[in-house]
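Every chain is numbered from 1 and lettered A, B, ... according to where its sequence line falls, protein lines coming before strand lines.
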Amino acid sequence: MARLTLDDVTKVYTDDGGDDIVAVEEISLDIDDGEFLVLVGPSGCGKSTTLRMMAGLETVTEGELRLEERVLNDVSAQDRDIAMVFQSYALYPHKSVRGNMSFGLEESTDLPDDEIRQQVETTTDMLGISDLLDRKPGQLSGGQQQRVALGRAIVRDPEVFLMDEPLSNLDAKLRAEMRTELQRLQEELGVTTVYVTHDQTEAMTMGDRVAVLDDGELQQVGTPLDCYHRPSNLFVAGFIGEPSMNFFPGSLSGDTFSGDGFDYPLSGATRDQLGDAGGLTLGIRPEDVAVGERRSGERTFDAEVVVVEPQGNENTVHLRFADGDEGPQFTATTTGRSRVEAGDRTTVTFPEDAIHLFDGETGDALKNRELPSNRAIDAFVSN
Amino acid sequence: MATHDNTEQVTDTTDEAVGWESKLRYFLNSDFVRSAPYWGIPFVLMSIAVYGGIGYNFAISFTDYEGLGTPDYSTLDLEMYTQALSSDAFISAAQNNLVLLVGFTTICLVLGLFLAVLLDHGIRFSEKFQTVYLLPMSLSFVVTAQLWLWMFNVESGILNLVVTTLGFNPVDWLGNPSIALGAVIFALIWQFSGYTMVVYLAGLQSIPDDQFEAARVDGASIIRTYLRIIVPQLKEASVSAAVVLMVFALKAFTFLYALVGRYRPPNGTDILATLMVRRAFKFGEWAYSAAIATMLLIMALGVIGPYLYYQYKQGSL
């Protein structure tokens, strides 16, 4: 178990034409001993490349990768004492479950055979697959293969686990099950874990901390709730959360934010946080949009329901400002029992304590939402 | 008995009810008959040309047929087989055949695997390389034989040029009975290792990269990864390449015949096929040759049989 540090790690590929392609740019991360860090981002953002650099499957172009005090840059994958779970599982098709799991121990340690056998059996017991020991991967279901792949990493008792979208090949129900199981295992074993995913449910629920990547650059590192409530920029705000945050591009005129189809008055305190930014983007999470509460006031607008997606426990309502014919659409979540239908005319309120404001050019967050008690969230997110 | 009678009666009544004309029409309209021209002609041709030939050969091998005239089928015995099995020429030819079969196949497989692994392991422009190695395969045995005849030449062959430059005495590659078979095997390997390489390369390239990566992360060195993870996954490629090579080893007759241009191959390289042809067409010992041919066929079936069984078990037949 150990602390993994990335110091300005950069990966540059050179394509056939001799051009440089920057896949990962100056990422600095400090992953604590026993921590579960989730690397999340859209496809092609460099998260897998980052993970593969940690594993030693890609070289580090610049920067430093350290395990405790040991610099890993030039240490080959074989000698890193890091185990990896692949998206495809990469089980050896000609070996039995036992063979798959003991291979790593046979190659990386000089343990006697009976000790290897015993360790493999302990691990399969822990994963509940001891009855599959003599089967070949081809005879296992997807979920069982997944467990074997996990077992292959666990049995080696490595310093660090790396997981590359390990649940993406499972069906939804199994995935939810394995998510909890993985968390339980990681807590039990206390091994430093880096987990790559594009699924933001996994990002929100599994990690101690989340690192959001986009276009090879680190956008934000923080607890899941921190990233959710206090996104550091437009990208994080839009990426974390489902359905994603509503954005309204606009500009500041005096103390009013004027967007396409609506004008939103800002209080003095909010106005002061914005400095002299010209373009602005206003963001609000769907669950913060209050629909049809017949409130009146300057932060309430007439709107028309475009589409309703009922999900049982809640409805996702797609709306449009009533004034602007072709104005922007936005979404709101309402409780599942509220009756709204497409075509309804209603009102929407954007409470001022729930809005986020981002710089129109850089996308940096200028103001994040207020929470009932910031201290309470601080206490919650720092856990 | 009663039941039996009943069944017969039922059949009778059906016969009467349907009538032979409609039965015939039904038969003529069946898929079996209507598709007959398509499978029937090849079937008949194959039966006569191949299986008929094998059957005729088998029949002759039990007679004493020799020289001109017609075979006499009145006394059939295994005399030709016992005679062959007790003759030194047959034994040594069979031995050579076995050496050729095992030596040529093994070395070709190992060499092909080695080349394929090297190529797969990242020499760039591997497609051009593939063609270079596969080129000898496209040559006919006759060309290969002539080419190697020149190279093996005692006085002016390039091999002896190398040998004498290195300070050794020239070697009579094909004239020395103890190394002639080795020289023949060498030339055949030259021709066929490219083929095994391509078969293995296809197998290697179907193995996903993450197998290598998983093994690397598991702590295995490159050589151990190949030995323990990659090569065991090439079992199917090995089996199919081995069968093709063994079949070629059995029909190396063409190569040996082309090497010398007569039925008597260089001393020490006589195999069953050359022995059989020489006995038959030079000495007219038809029955004796037929017996050799039958035994050669059994050897070939011994090679193909397990492969077919393997394929059958895999469900690919």
Side-chain angles (χ1 to χ4, degrees), chain A residues 16 48 51-58 75-96 99-111 116 136-138 145 148-166 169, chain B residues 109-110 112-113 116-117 119-129 199-242 306-307 310-316:
Chain A
D16 291 343
S48 285
L51 194 79
R52 291 168 57 83
M53 283 193 282
M54 295 179 189
L57 298 173
E58 302 278 354
V75 178
S76 72
Q78 288 95 327
D79 304 324
R80 287 196 184 193
D81 202 7
I82 283 177
M84 182 157 167
V85 179
F86 292 81
Q87 183 176 4
S88 61
Y89 313 141
L91 299 177
Y92 311 129
H94 60 293
K95 285 182 180 289
S96 64
N100 266 283
M101 288 178 62
S102 50
F103 181 74
L105 285 176
E106 287 163 9
E107 293 298 326
S108 63
T109 66
D110 33 12
L111 290 176
I116 291 179
K136 294 272 174 71
Q145 291 184 12
V148 176
L150 271 181
R152 198 166 67 172
I154 292 172
V155 77
R156 285 185 43 214
D157 189 22
E159 300 277 8
V160 179
F161 282 142
L162 302 177
M163 307 198 182
D164 190 1
E165 311 205 15
N169 289 341
Chain B
L109 286 177
V110 172
L113 180 62
V117 165
L119 276 192
D120 183 66
H121 202 70
I123 298 174
R124 289 178 59 176
F125 311 119
S126 67
E127 288 193 2
K128 283 174 199 162
F129 271 100
V199 172
Y200 274 130
L201 200 59
L204 280 170
Q205 288 183 342
S206 70
I207 296 176
D209 290 350
D210 56 23
Q211 292 282 314
F212 290 89
E213 291 174 350
R216 250 173 96 185
V217 174
D218 265 345
S221 65
I222 290 173
I223 293 175
R224 303 219 13 116
T225 304
Y226 272 108
L227 286 180
R228 297 197 57 194
I229 302 296
I230 305 305
V231 174
Q233 294 188 41
L234 295 173
K235 204 169 85 186
E236 302 223 350
S238 305
V239 172
S240 59
Y307 175 69
Y310 172 80
Q311 291 276 303
Y312 174 72
K313 262 181 64 184
Q314 301 277 309
S316 15

S.K.: With a 4.5 Å cut-off on side-chain heavy atoms, are A/Met163 and A/Leu51 touching?
M.R.: no

S.K.: Against chain B, label A/Leu91 side chain, backbone, both or neither, depending on which of its atoms sit under 4.5 Å from a heavy atom there.
M.R.: backbone

S.K.: Looking only at heavy atoms and a cut-off of under 4.5 Å, which of A/Ala55, A/Pro93, A/Ala83, A/Gly56 has the most pairs with chain B?
M.R.: A/Pro93

S.K.: Under a 4.5 Å heavy-atom cutoff, which of A/Arg80, A/Glu106, A/Arg156, A/Arg152 has the most pairs with chain B?
M.R.: A/Arg156

S.K.: Measuring heavy-atom distances to chain B, does A/Leu57 have an atom under 4.5 Å in its side chain, in its backbone, in both, or in neither?
M.R.: both

S.K.: With a 4.5 Å limit on heavy-atom distance, are the side chains of A/Glu107 and B/Arg228 in contact?
M.R.: yes

S.K.: Kindly write out the residues that satisfy ring pair (Phe, Tyr, Trp, His ring centres under 6.0 Å) with B/Tyr200, not counting sequence neighbours, or none if the list is empty.
M.R.: none

S.K.: Side chains of A/Tyr92 and B/Asp218 only: does a donor on one sit below 3.5 Å from an acceptor on the other?
M.R.: yes

